[in-house]
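Numbers for residues simply follow the sequence, beginning at 1.
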Amino acid sequence: MELFFGSTLSSVNTMLIAGIALFIALQYHGRGRAAGWGRRLLILVAAGLLVCILAAIRDNYALSVAAATTGGETGLFTVESFQSVSASLAGLTIAAVSFSAMFIRKDKYSKAAFFMVSGIFVFKLLLVEASRIVMGG
């Protein structure tokens with residue numbers, strides 16, 4: 001419990017993750033609704049970006065970036081770590097899918113993009129949080 005609620009930042013991040021998971025589940029449950037998928041995608045991407053920023057702060061990722069250029073202490077994950085590279089590639093994929101939805105303005109595509117981004121977000125979440133548990137960080 002200390003990993004997820006040990007500080008205010010960890011608690012806020014955990015609550016946001018739970019909120020996003022609930023949002024995704026509700027959207028999946030109501031997936032038969034025909035309209036508004038672009039707006040739902042925007043909400044998911046904005047909330048997911050906030051979670052990623054807070055997680056980077058929580059895990060002292062800025063220290064890892066500084067250590068990669070000047071040396072010194074690193075955060076929980078180094079810049080070259082599997083977690084860092086995988087999460088960065090997943091974030092790039094989320095950005096590309098979301099950006100494409102601005103130009104492919106069909107609701108069917110936005111719906112597919114929503115669920116692609118949901119899956120990628122869950123992958124990032126499981127990767128980082130499971131790694132934190134295993135590493136004890």
Side-chain angles (χ1 to χ4, degrees):
M1 286 309 263
E2 183 72 21
L3 272 177
F4 300 106
F5 296 101
S7 69
T8 303
L9 186 59
S10 293
S11 298
V12 168
N13 205 38
T14 301
M15 297 306 286
L16 278 171
I17 289 169
I20 290 173
L22 179 62
F23 178 69
I24 291 170
L26 289 173
Q27 300 315 306
Y28 180 78
H29 179 69
R31 67 189 176 279
R33 289 178 274 172
W37 286 101
R39 189 172 23 258
R40 296 172 202 181
L41 177 61
L42 177 63
I43 292 168
L44 176 62
V45 170
L49 181 60
L50 179 60
V51 165
C52 290
I53 290 168
L54 291 175
I57 294 168
R58 174 196 68 198
D59 297 337
N60 291 318
Y61 191 67
L63 291 176
S64 297
V65 173
T69 57
T70 61
E73 183 183 353
T74 65
L76 184 59
F77 305 114
T78 63
V79 173
E80 302 88 16
S81 70
F82 174 77
Q83 294 87 347
S84 179
V85 172
S86 297
S88 295
L89 290 173
L92 180 64
T93 306
I94 288 172
V97 169
S98 302
F99 190 70
S100 70
M102 292 184 344
F103 296 102
I104 304 172
R105 300 187 59 88
K106 297 184 187 290
D107 215 41
K108 196 172 194 175
Y109 182 79
S110 295
K111 181 179 180 179
F114 177 88
F115 288 111
M116 281 189 277
V117 168
S118 296
I120 296 166
F121 179 76
V122 168
F123 164 76
K124 284 179 68 171
L125 170 74
L126 291 174
L127 175 69
V128 171
E129 299 305 323
S131 296
R132 285 181 66 224
I133 291 168
V134 169
M135 297 170 81

Using the ring of Phe4 (Phe, Tyr or Trp, six-membered ring only), decide whether Arg132 places NZ or CZ under 6.0 Å from its centre and within 45 degrees of its axis.
yes

Do Ser7 and Ser10 have side-chain N/O donor and acceptor atoms under 3.5 Å apart?
yes

Determine the interplanar angle of the Tyr28 and Phe115 rings, folded into 0 to 90°, and report it as parallel if under 30°, tilted if 30 to 60°, perpendicular if over 60°.
perpendicular

Quick one: pull up CG in Leu89 and CZ in Phe123 and give me the separation to the nearest 0.5 Å.
9.0 Å

I'd like to check Val128 versus Asp59 (side-chain heavy atoms, cut-off strictly below 4.5 Å). Are they in contact?
yes

Atom CE of Met102 and atom CG of Leu41: how far apart are they, to the nearest 0.5 Å?
10.5 Å

Judged by atom type as modelled, is there a donor-acceptor pair below 3.5 Å linking the side chain of Ser64 to the main-chain atoms of Gly75?
yes

Side-chain heavy atoms of Phe121 within contact of Val45, under 4.5 Å:
no

From CA spacing to verdict: side-chain contact (heavy atoms from CB on, under 4.5 Å), Arg39, Phe114
CA-CA 10 Å; Arg39 189 172 23 258; Phe114 177 88; over 6 Å; no

For Arg31, does its backbone N or O pair with a side-chain atom of Lys111 as donor and acceptor, under 3.5 Å?
yes

For Ser84 and Tyr61, which I'm curious about, is there any donor-acceptor pair between the side chains at under 3.5 Å?
yes

Distance col, row Phe99:CZ vs Ile104:CD1, nearest 0.5 angstrom, shows 11.0 Å

Ignoring hydrogens and geometry, is there a side-chain-to-backbone donor-acceptor pair from Ser86 to Gln83 under 3.5 Å?
no

Between Val79 and Val85, the two heavy atoms sitting closest are O-CG2, 3.9 Å

Tell me if a side-chain donor or acceptor on Thr70 pairs with a main-chain N or O of Ala67 at a distance below 3.5 Å.
no

Mind checking the CG-CG spacing from Leu54 to Leu49? Nearest 0.5 Å is all I need.
9.5 Å

